[in-house]
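This report refers to the structure that appears directly beneath it.
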Number of protein chains: 2
Amino acid sequence: MNIDADLFKKLSFFTEPEFKEELLKHGQLASFNKGDVIVRDGQYVKFLPIVLKGAIRVYQQKEDREILLYYVRAEETCTMSLAAAYFNNQSSSHGIVTEPAEVLIFPASLIDQWQLKYPSWNRYVMNMFRRRYDELINSFEGIVFDPISVRVLEYLQNKAAKENSSTIEISHQQLASELGTTRVVISRILKDHEKQQKIKLYRSRIELL
Amino acid sequence: MNIDADLFKKLSFFTEPEFKEELLKHGQLASFNKGDVIVRDGQYVKFLPIVLKGAIRVYQQKEDREILLYYVRAEETCTMSLAAAYFNNQSSSHGIVTEPAEVLIFPASLIDQWQLKYPSWNRYVMNMFRRRYDELINSFEGIVFDPISVRVLEYLQNKAAKENSSTIEISHQQLASELGTTRVVISRILKDHEKQQKIKLYRSRIELL
DNA sequence: TCAAAACGGTATCAAAAGATACACAAGCAA
DNA sequence: TTGCTTGTGTATCTTTTGATACCGTTTTGA
């Protein structure tokens, strides 16, 4: 694979020519398989990832339950890593590859300089922070105001829209993890939705009607 | 009041001399009373506030219920305003003064340049984003994992610690708003806590034991 | 091929939280 | 004072969610 060509198709919002050079010079392309661990709770973050392809699930682990923060997808970076790297802190989150990923990796020490040199980088960082924050607010609202039955449906519709397909490959257990509840609750609710002809259930697969 | 002296006592983490000059040159000191509206949902954000004293409550309004995002206190800025100003977006939140406030106000157009010129500003912004994000995660965790009874107690203890006093001036209705629930629920829970000798209730006042 | 693991359905029970309604007290303003 | 607003206590009822348990089916891998 030719890094140069593909890189700038993906990261076209980094506009400064010198910045592009730096990206090429300092960036390293890494491939990860599903299940690979990118960061672990407690680790110091020395490298900043920018995802080109695939998805990384970022979540926090507290006792037995977990909180999903976000997925890092193409063109995105992990704001938790960014902040931890910038302040030389330990990560408070886990990052695990859920879709085979290609990731650009940069030494954390560059962030400082980039901020001062490249407006497009600044914009990018601000935008990422804003988006992650908005995402979290949205989840927050969902939990406070919407019953799980609604959140399940929204999750499915959302996912279907993203993947441009009316069937979604996911088990009840996974769904429960995403929404922060238990498998039994999800199964019960999905069955209800099926009775109301909103969805159709298969093994590890849900079809939206 | 002498702006210069007080300003740099408060904002000592802005280290660059030229930056200090800029702060003095472009900053305007404004005073607000309790209840004053700083930003409204839908408004374009043309000015960036840095609070020197007091507190501003930032929240989102959805239908009849509201979501508390954070309070902007001394030395802090409002990340929602910051992002909205930077991207020239409308605010999606409300900001209302809850403790008489003194606020430094800067034209939003400066943010861009500051990012490129002043490392300490960069650090400040990153830190604010990180903190707000962490705060939100914490609330999130609370809602997902802790029963309201626990969250009420934590809220009170937290507030008591901040104000360095074992009595807190707050009505049940206000508490309900802060925690995203209803008055009746709060009254019920507070009474329970009182029976367990954890607190003592007065009109619009709660004493921690 | 056979056993274990993953997946899903469902019943029962309990707990948490919200909705509603009503009563009374304290503070405030005309 | 009188009436209005705000604050609080509490009872009742319902809904939502979670916990537990048990069962059968499908998939997977040794």
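Note that the structure is predicted; figures quoted are calculated from it, not measured. Letters A, B, ... mirror the listed sequences (proteins, then strands); counts begin at 1. Both backbone and side-chain heavy atoms feed into the values below; hydrogens, waters and symmetry mates do not.
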Worksheet item: From the list D/dT10, C/dG18, D/dG18, which nucleotide is the closest neighbour of the side chain of A/T181?
Response: D/dG18

Worksheet item: If the sugar-phosphate is the primed atoms plus P, OP1 and OP2 and the base is the rest, what is the B/S/- string for nucleotides 21-29 of chain C, using protein heavy atoms under 4.0 Å?
Response: B----BS--

Discussion item. Starting the side chain at C-beta, find the nucleotide from C/dT10, C/dG18, D/dT17 nearest to A/K191.
Written reply: C/dT10

Worksheet item: For the base of D/dG7, is there a side-chain donor-acceptor partner from B/R205 under 3.5 Å away?
Response: no

Practice prompt. Would you kindly give the CG-to-C1' distance between A/D146 and D/dT16, to the nearest whole Å?
Written response: 13 Å

Item to complete: Could you tell me how the ring of B/W121 sits relative to the ring of B/W114: parallel (under 30°), tilted (30 to 60°) or perpendicular (over 60°)?
Response: perpendicular

Worksheet item: How are the rings of A/F129 and B/F129 set to each other: parallel, tilted or perpendicular (split at 30° and 60°)?
Response: parallel

Discussion item. What's the closest nucleotide to the side chain of B/P147 if the choices are C/dG9, C/dA17, D/dG7?
Written reply: C/dA17

Worksheet item: Hey, does the Lys NZ or Arg CZ of A/R151 hover above the aromatic six-ring of A/Y155, less than 6.0 Å from the centre and inside 45° of the axis?
Response: no

Fill in: Axial cation check for B/Y71 ring with B/R73, 6.0 Å and 45° limits
yes

Response to the item:
On DNA chain D, more 5' by nearest nucleotide between B/V144 and B/L190 is B/L190

Practice prompt. Run the numbers on A/V51 and A/T77 for side-chain contact (heavy atoms from CB on, under 4.5 Å), then give the verdict.
Written response: CA-CA 6 Å; A/V51 171; A/T77 189; over 6 Å; no

